[in-house]
Amino acid sequence: MAQFWKPGSEKPRPVILDDEEGGVLFFSAAPSISGYGYASLEGQRQRLPVFKHRTAILYLVESHATTIIVGETGSGKTTQIPQYLKEAGWAEGGRMVACTQPRRLAVQSVATRVAEEMGVKLGKEVGYTIRFEDITTPGVTMIKFLTDGVLLREMMNDPLLTKYSVIMVDEAHERSLSTDMLLGLLKKIQRRRPELRLIISSATIEAKSMSNYFLPRKKRQEQASENGTPSTQPAILSVEGQGFVVEISYLEEPAPDYLQAAVSTVLSIHDQEPMGDILVFLTGQDDIDAAVQLLTENAQKRGKHSSGMLVIPLYSGLSRADQDLVFSPMPKGKRKVVISTNIAETSLTLEGVVYVVDSGFSKQRFYNPITNIENLVVAPISKASAKQRAGRAGRVRPGKCFRLYTEEYFVKEMPAEGIPEMQRSNLVSSVIQLKALGIDNILGFDWLASPSPESMIRALEVLYSLGVLDEDAKLTSPTGFQVAEIPLDPMISKMILSSNELGCSEEIITIAAILSIQSIWVSGRGSQKELDEARLRFSVAEGDHITYLNVYQGFLRSGKSTQWCHKNFINYQAMKKVAEIREQLRKLMKQLGINLKSCDKDTQVIRKAIIAGFFAHACRLEPFGQSGVYKTIRGSQEVYIHPSSVLFRVNPKWVVYHSLVLTEKHYMRNVIAIDPSWLTEAAPHFYQLQKPNPAMF
DNA sequence: GAGCACTGC
């Protein structure tokens with residue numbers, strides 16, 4: 001390799017955790033470590049054969065209410081532990097063993113594997129539940145895999161989760177919003193249900209903080225031991241993974257431009273290293289497209305020599321067909337180079353990767369509770385992330401990871417863990433869910449990582465202004481309870497409920513479904529002009545939301561055709577999801593006693609329903625400023641209509657937007673034109689009529 | 001006239 005690389009000092013090591021805290025400790029179950037390991041059980045250090053993996057887990061579960069399992073990728077814990085528990089009788093008497101995952105795909109694949117291992121039909125003894133799919137049989141299913149979000153929803157009907165005897169929360173170190181909420185609630189449930197067993201599966205780096213979080217207060221501990229019940233001390237069990245060794249290299253000097261550094265690193269790997277695919281982590285579509293172009297140009301320049309390289313971009317905005325290219329088999333002698341966002345860090349697994357190039361950056365969401373604006377910025381990743389990225393090189397054989405930063409930076413400056421999503425997000429959805437579960441004191445909730453008081457207060461304010469919470473911060477009836485029932489952003493849910501009286505619920509649930517997915521347009525294909533033209537075919541003067549109705553109707557008229565989507569630059573997978581969400585909403589409306597009515601072509605009532613949820617997002621065109629400058633009514637924030645909006649350059653006097661995106665300017669995405677009188681009509685508590693001001697009209 | 005990391009209910 002080029003001489004600027006120096007080998008890292010991160011050595012693979014067996015995981016031995018100290019037992020100073022009094023927790024139970026166990027040694028590795030990795031095949032590479034044979035013989036015996038040390039375990040400290042009930043404070044006594046013992047030598048135990050490592051193959052007693054099953055025994056150790058059952059010991060912990062039977063004698064501890066809370067167990068922290070530490071496991072690496074490929075340690076088999078996710079598939080094995082539920083089976084051990086079932087064999088030991090934990091899934092009997094009508095109770096189930098539950099196992100959560102943060103992603104739908106993981107739930108499906110783990111459930112499938114366990115059913116196979118047990119030789120049963122999926123959906124019988126072993127089943128799974130994800131949104132839109134419930135593959136379980138009541139009374140028969142003993143082991144149930146589900147997404148953490150589904151388990152949270154289940155709590156709304158069964159707050160103590162009485163169906164389950166053991167709940168395993170996998171990938172807890174990822175610290176997703178749902179996982180953090182789930183852990184907080186499970187800790188609460190344990191007080192009411194001391195017999196409930198929890199298994200929290202987390203990466204080593206997070207084990208200690210998880211363990212401390214579940215550490216009971218002294219008093220309860222004494223009570224428990226008096227009753228002769230199992231110790232409530234959290235325990236740590238270490239399970240070693242089976243991945244191959246990945247050799248880490250760092251830059252000698254910091255790179256001024258990680259894009260350039262990534263490109264030249266790929267080229268030197270291709271020149272100097274044996275065959276094996278390369279995976280490059282960059283931050284977003286722009287970077288990725290640029291890198292793909294640079295590499296492709298370079299390969300052409302160098303002619304035959306470099307033609308043995310196929311460069312493929314990967315990010316979620318691509319159509320399914322384009323994404324699937326990364327899985328296509330290579331002709332012999334060709335090297336695959338995948339340039340990816342974080343999607344390849346956890347969501348997609350590429351087999352055959354031997355080299356990883358890690359830029360050290362990713363795009364991350366941050367939330368400012370003062371301005372109530374979420375934005376997306378390129379930020380340094382954490383050590384945990386860097387480790388996960390490197391691990392992607394060791395799935396088929398020993399691999400190499402090239403970090404585009406110095407070892408000194410890694411050791412001294414890179415944060416150990418990322419900031420939990422809970423502290424980077426708008427909390428309206430989380431707060432309403434907690435309220436629906438009867439948790440009144442949001443500020444006093446025992447969070448794993450507490451969000452700022454400002455964020456919590458802002459969320460309460462927004463929910464109050466929507467009429468979802470009353471002056472005492474209690475859910476209103478029926479609006480508050482209904483909004484909590486709908487699995488969407490509360491502002492969208494409020495919009496849906498208002499469409500009932502306005503008689504446009506058919507149209508509004510279509511709009512709600514489209515707004516709750518990322519984008520219905522495909523990216524990465526064709527020219528910008530073609531895409532704009534496609535969009536123009538559907539556009540109407542009332543704005544983007546009404547334009548979406550045209551798109552959906554076109555999709556239906558085409559018989560949900562993939563060709564139609566392709567021709568119109570629309571993402572077929574996204575539209576399929578829209579149809580699914582819409583169907584779920586339709587059923588939910590029925591349950592809530594809301595009639596589905598169409599307003600035909602009356603877009604005014606549709607826009608009024610949108611305002612009922614989004615009145616806080618109203619803006620007025622600055623009458624004397626440069627053209628196209630808007631100010632938010634509340635807050636006087638300067639904003640612009642995003643060029644992708646059908647209202648771009650149309651600049652109606654009054655608009656309401658769905659979301660703001662902050663880049664060089666604050667851009668409004670998804671905008672409708674409104675009449676200002678609708679604002680005071682929909683939200684008199686929020687807007688009051690001013691004395692006529694000539695500047696306004 | 002310019003930009004959308006990634007999940008999930």
Side-chain angles (χ1 to χ4, degrees), chain A residues 100-107 129-134 146-156 171 174-182 281-289 314-318 340-348 359 361-366 374-379 381 385 388 418 421 424-425 429-430 432-433 436 484-490 492-493 512-513 516-524 528-529 531-532 571 574 577 580-581 584-585 588 627-628 640-645 648-651 658-670:
Chain A
T100 75
Q101 291 283 335
R103 281 170 289 276
R104 296 161 49 90
L105 206 74
V107 168
T129 307
I130 55 180
R131 189 184 193 181
F132 310 130
E133 250 183 286
D134 184 7
L146 67 175
T147 41
D148 44 15
V150 168
L151 192 59
L152 275 178
R153 284 277 152 192
E154 285 190 2
M155 285 179 75
M156 286 176 63
E171 313 285 7
E174 287 187 21
R175 306 299 304 276
S176 74
L177 214 76
S178 304
T179 299
D180 268 22
M181 265 181 44
L182 195 58
F281 286 102
L282 295 180
T283 60
Q285 188 182 334
D286 278 358
D287 277 2
I288 290 169
D289 290 344
L314 177 64
Y315 44 85
S316 77
L318 291 172
S340 173
T341 58
N342 252 8
I343 194 169
E345 193 177 301
T346 50
S347 304
L348 273 179
S359 65
F361 289 96
S362 70
K363 280 197 183 168
Q364 291 164 36
R365 186 174 55 207
F366 288 93
E374 280 184 322
N375 58 22
L376 208 56
V377 294
V378 173
I381 61 167
S385 241
Q388 174 74 20
E421 198 182 3
R424 298 185 282 114
S425 308
S429 294
S430 307
I432 197 170
Q433 265 187 301
E485 199 73 33
I486 302 173
L488 299 172
D489 180 282
I492 296 183
S493 306
S516 52
I517 63 159
Q518 264 198 322
S519 172
I520 59 167
W521 310 101
V522 287
S523 44
Q528 192 54 51
K529 196 162 155 257
L531 221 159
D532 284 347
N571 187 330
K577 206 165 163 193
E580 277 181 326
I581 296 174
Q584 187 191 29
L585 291 175
L588 198 55
S627 71
Y640 298 81
I641 293 179
H642 193 280
S644 67
S645 168
F648 179 66
R649 283 202 296 212
V650 176
N651 293 337
H658 175 250
S659 62
L660 275 187
V661 48
L662 176 69
T663 51
E664 277 172 30
K665 295 172 178 171
H666 282 97
Y667 283 106
M668 299 182 267
R669 290 181 65 204
N670 296 325

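Just so it is clear: chains get the letters A, B, ... in the order the sequence lines come, proteins before strands, and each one is counted from 1.
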Just call it for [X]: base, sugar-phosphate, or nothing, with non-hydrogen atoms closer than 4.0 Å on any strand.
{"X": "Arg103(A)", "answer": "sugar-phosphate"}
{"X": "Asn375(A)", "answer": "nothing"}
{"X": "Ser644(A)", "answer": "nothing"}
{"X": "Gln364(A)", "answer": "nothing"}
{"X": "Ile581(A)", "answer": "nothing"}
{"X": "Leu376(A)", "answer": "base"}
{"X": "Ser347(A)", "answer": "sugar-phosphate"}
{"X": "Thr147(A)", "answer": "sugar-phosphate"}
{"X": "Ser178(A)", "answer": "nothing"}
{"X": "Arg104(A)", "answer": "sugar-phosphate"}

Practice task
Indicate yes or no for a side-chain donor-acceptor contact from Glu421(A) to the backbone of Leu177(A) under 3.5 Å, with no hydrogens or angles considered.
Solution key: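 Yes: the side chain of Glu421(A) pairs with the backbone of Leu177(A).
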Exercise for the section: Return yes if a side-chain donor-acceptor contact under 3.5 Å exists between Glu345(A) and Ser385(A), otherwise no. Expected result: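 Result is yes, a qualifying pair exists.
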Handout entry: Sidechain N-carboxylate O distance under 4.0 Å for Glu580(A), Arg131(A)
Key =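 No.
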Practice task
Output, in order, the C-alpha distance, side-chain angles, deciding distance and verdict of side-chain hydrogen bond (donor to acceptor under 3.5 Å, both in side chains) for Glu374(A) and Ser425(A).
Solution key: CA-CA 7 Å; Glu374(A) 280 184 322; Ser425(A) 308; 4.8 Å; no
Exercise for the section: Walking along DNA chain B from 5' to 3', note the first and the last nucleotide with an atom under 4.0 Å from a heavy atom of chain A, and give both. Expected result: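 First-to-last contact on DNA chain B, by the 4.0 Å heavy-atom rule, is dG1(B) to dC9(B).
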Practice task
Step by step, work out the salt bridge (charged side-chain N to carboxylate O under 4.0 Å, His left out) result for Arg103(A) and Glu174(A).
Solution key: CA-CA 11 Å; Arg103(A) 281 170 289 276; Glu174(A) 287 187 21; 2.8 Å; yes
Practice task
Calculate, to the nearest 0.5 Å, the distance between atoms CD1 and CD belonging to Ile520(A) and Gln518(A) respectively.
Solution key: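 So the CD1 of Ile520(A) and the CD of Gln518(A) are separated by 13.0 Å.
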